[in-house]
Amino acid sequence: MTINIHTFLTKTPSSFNWIATIAIFTALGGEIKMYPFDETAFRFGLGSIIFFLCTLLKPTPIITAGISTSVLILLFRTSIDCYFNDVTLLAGLKEHFPAASFYLLFALCLHLLKIQHFREKPLTLGLLVAASEVISNLVEQFSRFLLQTHTFLYTHDFFILTAVALLRSFFVVGIYSSIVIEEQKKRVQEMLNTNSGLYVETLYLKKSMDQIETITANGFDLYQQLKTDGHPTASMKALLIAQEIHEVKKDSQRIYAGISKIIGEKHYDTFQLSELLHYIEEANKKYSVMLGKEIQFTISSQVDFQTNEPIALLALLNNIIANAVEAIDGIGTIDVTVISNEDNIDILITDNGKGISQDLLPIIFEPGFTTKYNIKGVAATGIGLSHVQHLLTKLKGVISIQSVPGKTMFKIKIPTQTIQMGEK
């Protein structure tokens with residue numbers, strides 16, 4: 001195999017930083033060690049675990065990393081022996097060259113096996129890397145046999161090598177899989193939050209389109225009335241206005257179709273209600289921290305099932321809980337309780353915020369209602385409780401609210417068959 005020196009020398013600084021990080025931490029990790037065999041400097045350390053994990057976590061020029069790590073380990077261990085054990089430079093290099101050869105061969109095996117292609121196949125990945133480690137260890141021990149005339153491995157020693165290689169490889173694969181699963185959960189949560197926002201925007205757009213349709217019809221009626229009454233100039237103006245409004249409607253329809261297509265083409269795995277509640281809790285914890293508030297969330301559910309309405313549920317619950325976060329001054333609590341009640345699912349959302357005035361309760365679900373204004377006195381935007389009401393209407397559900405100073409509770413009741421997978 002040939003190595004392009006120009007490519008090596010022109011690596012980006014970030015690649016050099018990552019390679020240096022791998023080499024340094026591998027060298028240090030190799031010092032946490034044990035010696036499994038008598039009369040030999042062969043040892044098991046954390047170095048290969050660190051090296052393998054790093055190559056999985058981030059795209060890495062493995063050969064370059066292997067060369068750099070080999071050189072650093074050779075120099076590092078030789079320096080330690082020369083300084084602390086009065087070993088000559090030549091003797092130190094001879095002693096630690098086999099260990100350096102291990103990392104070079106190990107990197108070569110990982111490169112040839114193209115381990116990046118097996119990241120989604122943990123069993124195959126673990127077995128391939130374990131085999132690579134066994135081969136590299138055998139070459140290291142053979143190097144010691146040639147350079148240092150140590151006794152070579154016996155059968156039981158080979159089994160020890162294999163067992164340790166399997167243990168270390170699958171340990172790394174397990175750590176990597178845990179990291180990947182956590183990242184996937186974050187991406188799914190972001191995707192759900194984004195699509196719930198798009199879903200709500202389609203409600204806005206649909207409402208606007210209905211209003212535009214009514215205005216267009218009224219404009220055309222006005223045109224006909226003015227024309228009949230003998231007002232040609234005014235009637236033509238009314239017709240032009242109706243036509244312009246109709247163009248706005250067509251643009252809105254195209255936007256609506258585009259957003260609907262995006263939402264419709266998203267294919268999610270089936271979501272448990274408990275998963276959605278977890279996503280909502282995590283999102284609003286971050287929101288409360290962003291607002292500088294210390295809020296304790298308590299989520300409890302007597303029932304769990306796969307839901308076929310994750311976007312709608314996420315949108316309406318997120319809105320109510322975000323409102324609760326905003327209503328709390330500084331420190332507070334938000335409790336979400338899900339109860340199975342005969343053919344319905346009851347969701348209770350309680351907070352210890354400042355509460356809602358009794359005279360506002362009858363109009364709180366009215367379109368355009370808000371009690372939130374910024375420092376310039378501009379009313380807040382968002383889907384608002386009127387759109388929560390609209391979402392619940394689509395789900396055949398109802399919502400009610402009870403509030404006194406220091407406690408507000410929203411109670412949502414939704415037929416189980418409208419949100420549970422397979423119940424329709």
Side-chain angles (χ1 to χ4, degrees), residues 1-3 5 8-9 11 15-55 60-112 129-130 132-154 156-158 160-165 167-169 171-172:
M1 174 177 293
T2 59
I3 298 175
I5 300 299
F8 177 81
L9 294 175
K11 290 288 182 184
S15 294
F16 271 119
N17 292 340
W18 180 238
I19 290 170
T21 300
I22 293 175
I24 291 170
F25 278 96
T26 301
L28 293 174
E31 296 307 305
I32 304 174
K33 57 191 182 291
M34 61 170 288
Y35 295 92
F37 308 125
D38 296 332
E39 299 180 356
T40 177
F42 183 92
R43 63 190 185 184
F44 288 136
L46 295 182
S48 63
I49 291 177
I50 294 171
F51 186 87
F52 175 35
L53 181 59
C54 288
T55 59
T60 304
I62 297 180
I63 295 296
T64 305
I67 294 173
S68 303
T69 302
S70 298
V71 172
L72 181 62
I73 284 177
L74 180 60
L75 297 177
F76 180 62
R77 295 183 184 181
T78 299
S79 299
I80 291 176
D81 274 356
C82 291
Y83 186 80
F84 291 103
N85 301 322
D86 288 331
V87 174
T88 64
L89 177 61
L90 183 60
L93 292 174
K94 184 179 178 181
E95 176 74 13
H96 298 294
F97 175 79
S101 67
F102 165 83
Y103 284 98
L104 186 59
L105 184 59
F106 187 51
L108 179 62
C109 289
L110 297 183
H111 174 74
L112 292 175
V129 174
S132 300
E133 184 171 332
V134 170
I135 293 171
S136 302
N137 278 325
L138 289 174
V139 171
E140 177 185 350
Q141 188 66 352
F142 184 67
S143 299
R144 295 188 186 283
F145 174 75
L146 294 176
L147 295 174
Q148 303 161 5
T149 65
H150 288 304
T151 303
F152 197 57
L153 299 178
Y154 295 103
H156 68 279
D157 297 330
F158 175 77
I160 292 175
L161 284 180
T162 304
V164 172
L167 179 63
R168 294 201 293 193
S169 298
F171 175 72
V172 173

Taking everything shown except Phe76 itself, do over 12 heavy atoms lie less than 6.0 Å from its CZ?
-> yes

Phe106: partners by ring pair (Phe, Tyr, Trp, His ring centres under 6.0 Å), with sequence neighbours left out | Phe102

Return yes if some donor-acceptor pair links the side-chain N/O of Ser70 with the main-chain N/O of Leu104 below 3.5 Å, else return no.
-> yes

Measure from the side-chain N and O atoms of Thr69 to the backbone N and O of Gly66, and report whether any donor-acceptor pair falls under 3.5 Å.
-> no

List for me each residue that meets side chain to side chain donor-acceptor pair (under 3.5 Å) alongside Thr78, sequence neighbours excluded, and say none if there are none.
-> none

Side chain to side chain donor-acceptor pair (under 3.5 Å) involving Asp86 - partner list, sequence neighbours excluded = none

So, taking the atom named [atom1] in [X] and the one named [atom2] in [Y], what distance separates them when rounded to the nearest 0.5 Å?
X: Ile22; Y: Tyr103; atom1: CD1; atom2: OH; answer: 12.0 Å
X: Leu53; Y: Phe25; atom1: CG; atom2: CZ; answer: 12.0 Å
X: Leu108; Y: Ser101; atom1: CG; atom2: OG; answer: 12.0 Å
X: Trp18; Y: Thr64; atom1: CH2; atom2: OG1; answer: 14.5 Å
X: Leu110; Y: Ser132; atom1: CG; atom2: OG; answer: 5.5 Å
X: Cys54; Y: Ile49; atom1: SG; atom2: CD1; answer: 11.5 Å

Nearest non-hydrogen partners of Ala65 and Ile19, listed with the distance = CA-CG2, 3.9 Å

I'd like to check the side chain to side chain contact (heavy atoms under 4.5 Å, CB included) partners of [X]; sequence neighbours left out, ordered by chain and number.
X: Ser169; result: Val129, Ala130, Glu133
X: Val87; result: Asp81, Asn85, Ala91
X: Thr162; result: Val134, Phe158, Leu166

Could you go step by step and tell me if Glu31 and Ile80 meet the side chain to side chain contact (heavy atoms under 4.5 Å, CB included) rule?
-> CA-CA 11 Å; Glu31 296 307 305; Ile80 291 176; 4.2 Å; yes

